[in-house]
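Read through the structure below, which is laid out as structure tokens, and then see the notes.
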Amino acid sequence: MKKILISMVAALALFPVFTSCSNDDDNTKTEKTVGECVEGTYVGGTYANCKYFQNYQPTKNDTVYVKAGLVADAVTLSYTSNTWGEFTFNAIKVTKQDDGSFALAGEGKTLMPSMKGESKEYAANFEGTVSGDKLVATFDVPAVMGGTTVLFNPADFEEVMKAAEEKE
């Protein structure tokens, strides 16, 4: 009886990480993990804020790669920027929200270039939301310039990009 109870608890613990995230037209449903639901390549605009500057270096067509992992509710994530360096996150937690979107959060590292040209590794935090085929996210690096945040696909990106182009 004890083994049956333990098996049932273990099965229930795995239940929340599987979800249906596809819109199949042929009425067949494929159950995917939440990690598989957000796996993909996301292209968007970025800019950065810190203690010393705001809306810095707006850039179009940056790419974030999200790959489902072995754990059903986790993904790996990478983002490489000519300006901000290489961000790597090996265990981003994915949670399905009531509205059908997915929240992502985790810790990782970045290899960030300095003004002198050499790169240094820093701890980084990631938070984002995947809704449909769009990722909106922040990459926080607390130890750089009083805390640097790179924003990916923020709601005001077009406005920030236009203002930067007008300054040129």
Side-chain angles (χ1 to χ4, degrees), residues 1-49 58-112 121-142 148-161:
M1 183 68 174
K2 199 175 204 180
K3 287 183 181 181
I4 293 172
L5 183 58
I6 291 171
S7 296
M8 288 176 58
V9 169
L12 286 174
L14 290 175
F15 182 73
V17 298
F18 293 94
T19 185
S20 177
C21 58
S22 63
N23 292 333
D24 293 332
D25 293 332
D26 61 0
N27 292 330
T28 61
K29 292 186 179 184
T30 304
E31 294 298 314
K32 292 184 177 182
T33 66
V34 290
E36 291 169 333
C37 289
V38 300
E39 183 174 57
T41 301
Y42 299 92
V43 177
T46 60
Y47 65 82
N49 293 331
T59 307
K60 292 182 179 179
N61 299 319
D62 277 355
T63 306
V64 173
Y65 300 96
V66 178
K67 177 106 173 95
L70 298 175
V71 178
D73 64 344
V75 295
T76 60
L77 186 142
S78 64
Y79 163 60
T80 301
S81 163
N82 290 333
T83 304
W84 305 111
E86 299 174 25
F87 291 79
T88 307
F89 300 88
N90 292 320
I92 296 289
K93 176 108 171 111
V94 182
T95 307
K96 187 171 183 180
Q97 304 300 296
D98 291 338
D99 65 359
S101 66
F102 296 87
L104 294 81
E107 298 175 350
K109 64 182 179 178
T110 180
L111 192 58
M112 194 172 269
E121 186 173 290
Y122 298 96
N125 300 309
F126 174 84
E127 287 187 9
T129 302
V130 171
S131 185
D133 62 353
K134 185 175 182 181
L135 169 67
V136 176
T138 58
F139 298 87
D140 290 315
V141 187
T148 298
T149 301
V150 178
L151 296 96
F152 183 82
N153 276 336
D156 64 348
F157 176 75
E158 292 300 326
E159 179 183 325
V160 171
M161 188 70 187

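Model, not experiment: these values are computed from the prediction.
Within 6.0 Å of CD on Glu127 lie no more than 12 heavy atoms contributed by other residues, nucleotides or ligands. Around atom CG of Asp99, more than 12 heavy atoms belonging to other residues, nucleotides or ligands sit under 6.0 Å away.
Note that OG of Ser81 and CE of Met112 are 8.5 Å apart. Values are rounded to the nearest 0.5 Å. Note that CG of Asp73 is 12.0 Å distant from CD1 of Ile92, once rounded to the nearest 0.5 Å. One finds the CZ atom of Phe87 at 9.5 Å from the OG1 atom of Thr80 (value rounded to the nearest 0.5 Å). Interatomic distance, Gln97 CD to Ser131 OG, rounded to the nearest 0.5 Å: 10.5 Å.
A donor-acceptor pair shorter than 3.5 Å can be found between the side chains of Thr149 and Asp140.
Although no hydrogens or angles enter the test, the distance criterion places a donor-acceptor pair under 3.5 Å between the side chain of Thr110 and the main chain of Glu86. Judged purely by atom type and a 3.5 angstrom limit, Asn153 uses its side chain to pair as donor or acceptor with the backbone of Gly45.
Under the 6.0 Å cut-off for aromatic ring centres, Tyr79 and Phe139 qualify, their centroids lying closer than that.
Taking each heavy atom of Phe102 and Cys37 in turn, the nearest pair found is CZ-CB, 3.6 Å. Between Ala48 and Trp84 the shortest heavy-atom distance is CB-CZ2, 3.2 Å. Ala68 and Glu39 make their closest contact through N-OE2, 3.0 Å (heavy atoms, listed as atom of the first residue, atom of the second, distance). Across every non-hydrogen atom of Val141 and Ala123, the tightest pair is CG1-O, 3.7 Å. Listed here is the closest heavy atom pair of Glu107 and Asn125: CG-OD1, 3.4 Å.
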Does Tyr42 form a side-chain contact (heavy atoms from CB on, under 4.5 Å) with Val130? I'd like the steps, not just the answer. CA-CA 10 Å; Tyr42 299 92; Val130 171; 3.6 Å; yes
Might you work through the side-chain contact (heavy atoms from CB on, under 4.5 Å) test for Phe157 and Leu151, ending with a clear yes or no? CA-CA 9 Å; Phe157 176 75; Leu151 296 96; over 6 Å; no
Check the pair Leu77 / Val64 against side-chain contact (heavy atoms from CB on, under 4.5 Å), numbers first and verdict last. CA-CA 7 Å; Leu77 186 142; Val64 173; 3.8 Å; yes
Evaluate the side-chain contact (heavy atoms from CB on, under 4.5 Å) criterion for residues Asn49 and Tyr47: first the C-alpha distance (whole Å), next the side-chain angles of each, then the deciding distance (0.1 Å), finally the verdict. CA-CA 7 Å; Asn49 293 331; Tyr47 65 82; 3.8 Å; yes
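Proximity of Leu104 to Phe126: side-chain heavy atoms (C-beta onward) are separated by under 4.5 Å at one or more points.
Partner of Val94 under the side-chain contact (heavy atoms from CB on, under 4.5 Å) criterion, chosen from Val75, Val71, Val66, Thr33: Val75.
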